[in-house]
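All heavy atoms count here, side chains included; hydrogens, waters and symmetry mates do not. Residue numbering restarts at 1 for every chain, and letters A, B, ... go by the order of the sequence lines.
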Number of protein chains: 2
Amino acid sequence: MSKLLLVEDEPSVRMGLRLSLSKAGHQVLEAATASEGWEKIGSADLVILDWMLPDEPGVRLLERLRRDGRYENLPVLMLTARASEGDRVEGLTRGADDYLTKPFSTPELIARVQALLRRVGKSGRLERGALSLDLERHQAFLDGHALDLTRREFDLLAFLARHPGRVYTREELLERVWGQEFLGTARTVDQHVAQLRDKLNEDPKAPRFLETLRGVGYRFRE
Amino acid sequence: MSKLLLVEDEPSVRMGLRLSLSKAGHQVLEAATASEGWEKIGSADLVILDWMLPDEPGVRLLERLRRDGRYENLPVLMLTARASEGDRVEGLTRGADDYLTKPFSTPELIARVQALLRRVGKSGRLERGALSLDLERHQAFLDGHALDLTRREFDLLAFLARHPGRVYTREELLERVWGQEFLGTARTVDQHVAQLRDKLNEDPKAPRFLETLRGVGYRFRE
DNA sequence: ATCTATGTGACATTTTCCTGACAAAAGTAC
DNA sequence: GTACTTTTGTCAGGAAAATGTCACATAGAT
């Protein structure tokens, strides 16, 4: 149930992978070129990146991505047609989290995707003081008591809690929690934050977890 | 009555084990190569894995399997022809749950298989409050009364009950209960949950066992 | 041939989500 | 400090989405 960005120029490969990956329970965003990939990268939880693309090499996109602070923890899985050891190492050292050499089996790809998602904490637990998030169970606990959160509330809280201290604008949150196809107003974020604060017993003026940064956005307190 | 995947390239060994294991009440899936094994692994409850295979070493398959979150609890029993201590240790530390050195006796193998199945709760009984599941007979009891569940109903209930508290999306359930080759709609899961709730005398709004997590999926109550 | 289990589409119901309006608070300029 | 602007918090109702329910088609078993 994560958002995967598939950057691959060959339409047939893309279609095949889209089917398998969505069957594995993921949402698949697609891009045929590096620049298209760059545009859609904002809302991805993981990137599957082909080595060769029509406009520029996948590694180049990878480099750009790693230089951008927003994506430093975004897992990237490279697909390469070359089988030589040298290339593999190069791809990895330049910042990919894993790689696969074509031809590869689809189950293998799915396995690696799962492994990477697990590694970056798309599953597992998040402990933030009195607040504890069980990502597998979609269950949040405050001081040991289970909270009754809706899907959006949980997703929003989990997203913010995953990067404590970092501020996100409403636009960023809409893109990364709601999805890039969502065209909503910024008020929507406020509404959900308010809802969360209510359920977390927070005073908006002295929040334990969800801080407002006037003129900027929200952040999870460190 | 569990599904065992036997990955072994020697046809005569395979046939012998198939006979003994199915006589012991199991369903036996067979694979002659590691890649064939990987394809069929989705529906297995336990894997019997030969050390040497024509395409790649069994351990390699094992590694891949352990990296994949879906199979982290899938028991694997390694068969090895080499008797040296070093190998045994290597196989075990790399993630096998048990091993046997060829030549081994068939009763011994069956015993170990049973032991492993019991350990992961694929055999024996599952007690969850007033609900009791006899996994061998596919029979469920609620407050001592036998329930008349169909195969799918029982499988679904048993799967959810095996991991209480954890949420599963409809896609995950379709894959793990129905099998990965099944191409059905998500509505199907709802239908079976409803059926189960009916037989369990549950109010969907205040379920004793099967909880709905809107926007996410279902889980067995802890 | 009949019966049972299973899967699916249509429809009803419930819950969640989003939005627009307004209130409250914070920041700015005077 | 006051008046004004901008931003955020809050509320409530309707829209949209998700789930529950029912009825039926199909396939497989007895």
query: Does T212(A) put a side-chain nitrogen or oxygen below 4.0 Å from OP1 or OP2 of dG9(D)?
result: yes

- request: May I have the distance from Y168(A) (atom OH) to dT8(D) (atom C1'), rounded to whole angstrom?
  value: 21 Å

field: Under 3.5 Å: donor-acceptor pair, side chain of K40(B), backbone of E30(B)
entry: yes

Polar-atom pairs under 3.5 Å, protein N or O versus N or O of nucleotides 24-30 of chain C: list them with distances, or write none.
none

field: Pairing residues for Y168(B) by the ring-ring contact (aromatic ring centres under 6.0 Å, His included) criterion, not counting sequence neighbours
entry: F159(B), H163(B)

- line: Taken to the nearest whole Å, NZ/K199(A) to P/dG9(D) is 18 Å

field: Euclidean distance, atom CG of residue L173(B) to atom P of dT19(D) [Å, nearest integer]
entry: 12 Å

statement: Between D148(B) and T185(B), the residue closer to the 5' end of DNA chain C by nearest nucleotide is D148(B)

field: Candidates R197(A), K199(A), Q191(A) - the one meeting side chain to side chain donor-acceptor pair (under 3.5 Å) with Q195(A)
entry: Q191(A)

- prompt: Of all the nucleotides listed (dG7(C), dG9(D), dC17(C)), which has the minimum atom distance to the side chain of R152(A)?
  reply: dC17(C)

Distance-only donor-acceptor test (3.5 Å): side chain Q191(A), base dC17(C): no

query: Should R151(A) be listed as having a side-chain N or O under 4.0 Å from OP1 or OP2 of dT15(C)?
result: no

query: Under 4.0 angstrom, heavy atoms only, what part of the nucleic acid is Y218(B) near: base, sugar-phosphate, or nothing?
result: sugar-phosphate

message: In whole Å, I'd like the distance from the CG atom of D155(B) to the C1' atom of dA5(C).
response: 13 Å

- prompt: Which value, rounded to the nearest 0.5 Å, describes the distance between L5(B) atom CG and E39(B) atom CD?
  reply: 11.0 Å

query: Would R14(B) and E10(B) pass as an ion pair if we require N to O under 4.0 Å?
result: no

task: Would you indicate, yes or no, if dT6(C) has its OP1 or OP2 atom less than 4.0 angstrom from a side-chain nitrogen or oxygen of T150(B)?
output: yes

Rounded interatomic separation in angstrom, taking CZ from R170(B) and P from dT8(C): 14 Å

task: Grab the CG-C1' distance between L149(A) and dT16(C) for me, whole Å please.
output: 13 Å

Distance in Å, F154(B) CZ paired with L149(B) CG, rounded so as to fall on 0.5 Å steps: 7.5 Å

message: Reading DNA chain C from 5' onward, which residue's closest nucleotide shows up sooner: H192(B) or T188(A)?
response: H192(B)

field: W178(B) side-chain N/O to dT6(C) phosphate OP1/OP2 under 4.0 Å
entry: no

message: Output the rounded distance in Å from CG (L213(A)) to C1' (dG9(D)).
response: 16 Å

message: Expressed as a whole number of angstroms, how long is the span from D203(B):CG to dT21(D):C1'?
response: 14 Å

- request: Report the distance from atom CG of L174(A) to atom OG1 of T185(A), rounding to the nearest 0.5 Å.
  value: 7.5 Å

